Amino acid sequence: MATWKNLDTLDSFGKLKELKNHVDIAAALSGEEGGKRVADYSTPMAAGLSYNYAAKEVDETVLSALAKLADEAQLIDKFQELYNGAVINTGENRMVLHHLARKQLGNPVVVDGVDKREFYVAQQKKAADFANKVHAGEITNEAGEKFTTVVQIGIGGSDLGPRALYIALENWAKANNTFKMEAKFISNVDPDDAAAVLTSVDLAHSLFIVVSKSGTTLETLTNEAFVKDALTKAGLNPSKHMLAVTSETSPLAKSEDYLTAIFMDDYIGGRYSSVSGVGGAILSLAFGPEVFAQLLEGAAAEDQLATNRDLMKNPDMLDALIGIYERNVQGYPSTAVLPYSQALSRFPAHLQQCDMESNGKTVNRFGEPVNYVTGPVIFGEPGTNGQHSFYQLLHQGSDIVPLQFIGFKNSQLGVDVDIENSTSQQKLCANVAAQIVAFACGKEDENLNKNFKGKRPSSIIIGQQLTPASLGALLAHFENKIMFQGFVWNLNSFDQEGVQLGKVLAKRVLAHNTDGALKVFSDLLNI
Ligand SMILES: O=P(O)(O)OC[C@H]1O[C@H](O)[C@H](O)[C@@H](O)[C@@H]1O
């Protein structure tokens with residue numbers, strides 16, 4: 001059994017702290033040695049991706065200190081315990097089994113006589129069969145016509161991951177003739193969200209997936225009622241247009257009002273649930289079950305790499321530990337995720353929830369305060385768009401923000417033109433290469449307004465193309481990175497008590513049970 005200790009009690013952390021400002025990346029990347037470093041400081045990921053950390057503030061000394069920290073913090077032992085079914089989510093007294101939805105990494109996990117791997121596979125099959133029947137016209141609307149559009153109603157983990165993945169694969173599916181149905185998403189309780197989506201779809205040919213693990217989320221239940229109202233007013237029977245994805249114990253699971261229900265359980269956290277029916281139903285309907293299966297395979301292959309004790313061969317743990325060095329030794333407050341891929345436009349938003357809801361905590365897994373900083377602020381936008389927006393601060397602002405670039409050699413659609421001796425894809429890739437060096441090396445200028453100090457660290461994940469498999473690997477990489485960082489910080493990364501207070505107060509406002517500041521704010525907003 002691994003022992004769970006606070007980071008500041010580990011000897012290896014004391015040693016690591018002595019290495020503050022140890023590497024000057026501008027110097028490390030200069031000349032021929034710099035070129036060699038770029039070629040060497042790279043480790044393979046799954047599905048043809050690679051993680052390059054040449055522009056990070058590490059060298060052999062820092063990396064060896066990080067490897068010692070990984071050993072002393074027993075990161076691989078903790079991961080093994082997690083996938084073998086230990087109660088890692090101490091706050092909610094639950095196991096953490098999202099890896100099992102993609103592959104059996106360890107021992108069978110059996111709960112009340114049910115093998116959990118079999119349960120997840122059975123639910124995947126149920127979603128796949130449903131999708132195949134919809135595509136084949138065996139499940140139709142009441143007039144016997146095929147459904148053409150699918151709309152997901154959900155929020156948080158029941159929206160962000162699936163939405164990011166759908167957007168990521170939409171063009172790939174079109175280019176590879178696997179595009180089956182257009183997907184849309186309703187998440188916000190702002191009535192303009194549901195209203196706008198509903199006016200953009202052909203209701204009679206639309207399927208709606210109500211996705212809520214708990215089955216109690218105010219926004220989702222409100223939007224479900226909103227959609228039912230629209231269907232009824234259009235003379236359609238809501239129960240012939242809706243399915244549910246929920247846990248077996250939720251109130252939604254008991255309803256007869258759905259074409260089918262696909263189940264998950266309490267052991268897959270909302271922000272880790274894209275690989276369950278939460279993402280599986282919509283992605284199977286939109287692109288076919290085979291595409292979703294490829295995504296799971298990519299994630300499974302990355303998970304396998306994350307089991308490696310050798311830090312230099314474990315890109316997820318390596319990324320996590322470099323992040324620890326940046327946060328707890330260098331003192332950087334945030335991290336930007338910058339995909340040079342328009343298809344990944346919502347991926348940073350998904351990672352925001354994944355990372356900040358997991359590790360945005362100041363008490364350890366035993367409920368005691370910790371004396372060190374934990375999860376960074378995560379934000380991001382696709383490049384090159386971000387370059388014309390917030391990169392000014394990243395290059396010359398007062399905070400150093402570590403950067404995580406993502407780039408692909410090939411586009412998804414393959415439609416491109418040569419303008420002034422380069423294609424658009426080449427221009428995209430040229431920009432990411434240029435940014436890495438500009439951030440790291442800077443440029444001296446007598447005019448301080450034009451001076452770039454450099455020394456701004458970044459990493460880049462490079463792939464051939466964004467495909468279902470490489471997307472799955474990318475997703476698993478970041479999930480595993482967040483998990484390893486939570487282990488190092490001795491946090492429970494799998495609950496989210498911090499979102500409760502606002503929900504409770506909003507209920508009080510709606511029940512007009514307020515006083516003081518809450519009452520005055522409620523009055524100001526006309527509630
Ligand atoms: O899927 P649901 O139970 O509706 O939950 C949706 C979301 O709401 C909660 O407030 C949590 O903060 C999220 O972690 C969760 O993903």
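Each ligand, and each atom within it, is numbered from 1 in the order the structure gives. Positions are given from 1 along the sequence. Because the structure is predicted, anything quoted here is derived from the model rather than measured.
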Evaluate the ring planes of Y166 and F179, with Trp represented by its six-membered ring, and classify them as parallel (under 30°), tilted (30 to 60°) or perpendicular (over 60°).
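Tilted: the ring planes of Y166 and F179 meet at 30° to 60°.
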
Is the ring pair H98/Y272 parallel, tilted or perpendicular, if the boundaries are 30 and 60 degrees?
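Plane angle under 30°, so parallel.
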
Show me, pair by pair, the donor-acceptor contacts under 3.5 angstrom made by side chains of residues 316-327, not counting sequence neighbours?
unit_1, atom_1, unit_2, atom_2, d
D316, OD1, H477, ND1, 2.8
D316, OD2, N480, ND2, 3.0
D319, OD1, Y51, OH, 3.3
D319, OD1, Q404, NE2, 2.8
D319, OD2, Q404, NE2, 3.0
D319, OD2, H477, NE2, 2.7
Y325, OH, L19, O, 2.7
E326, OE1, K56, NZ, 3.3
E326, OE2, K56, NZ, 2.8
R327, NE, T374, O, 2.6
R327, NH1, Y332, O, 3.0

Side chain to side chain contact (heavy atoms under 4.5 Å, CB included) partners for A230, two or more places apart:
L198, L203

Nearest protein heavy atom with distance in Å, relative to atom 15 (C) of ligand 1:
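Answer, as residue, atom name and distance: G157 N, 4.0 Å.
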
For atom 7 (C) of ligand 1, what's the nearest protein heavy atom and its distance?
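Nearest neighbour among protein heavy atoms for atom 7 (C) of ligand 1, to 0.1 Å: I155 O, 3.7 Å.
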
Cation over ring face, K78 and W4, 6.0 Å, 45°
yes

Would you indicate which of K503, E357, Q353, K213 comes nearest to atom 9 (C) of ligand 1 when only heavy atoms are counted?
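Considering heavy atoms of K503, E357, Q353, K213, the nearest to atom 9 (C) of ligand 1 sits in K503.
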
Shortest heavy-atom approach to atom 2 (P) of ligand 1 - which of V211, I153, T217
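Selected option, by shortest heavy-atom distance: T217.
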
Counting only nitrogen or oxygen atoms and a 3.5 angstrom limit, does Q496 reach ligand 1?
no

Could you list which atoms of ligand 1 come closer than 4.0 Å to a heavy atom of S212?
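What qualifies from ligand 1 is 1 (O), 2 (P), 3 (O), 4 (O).
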
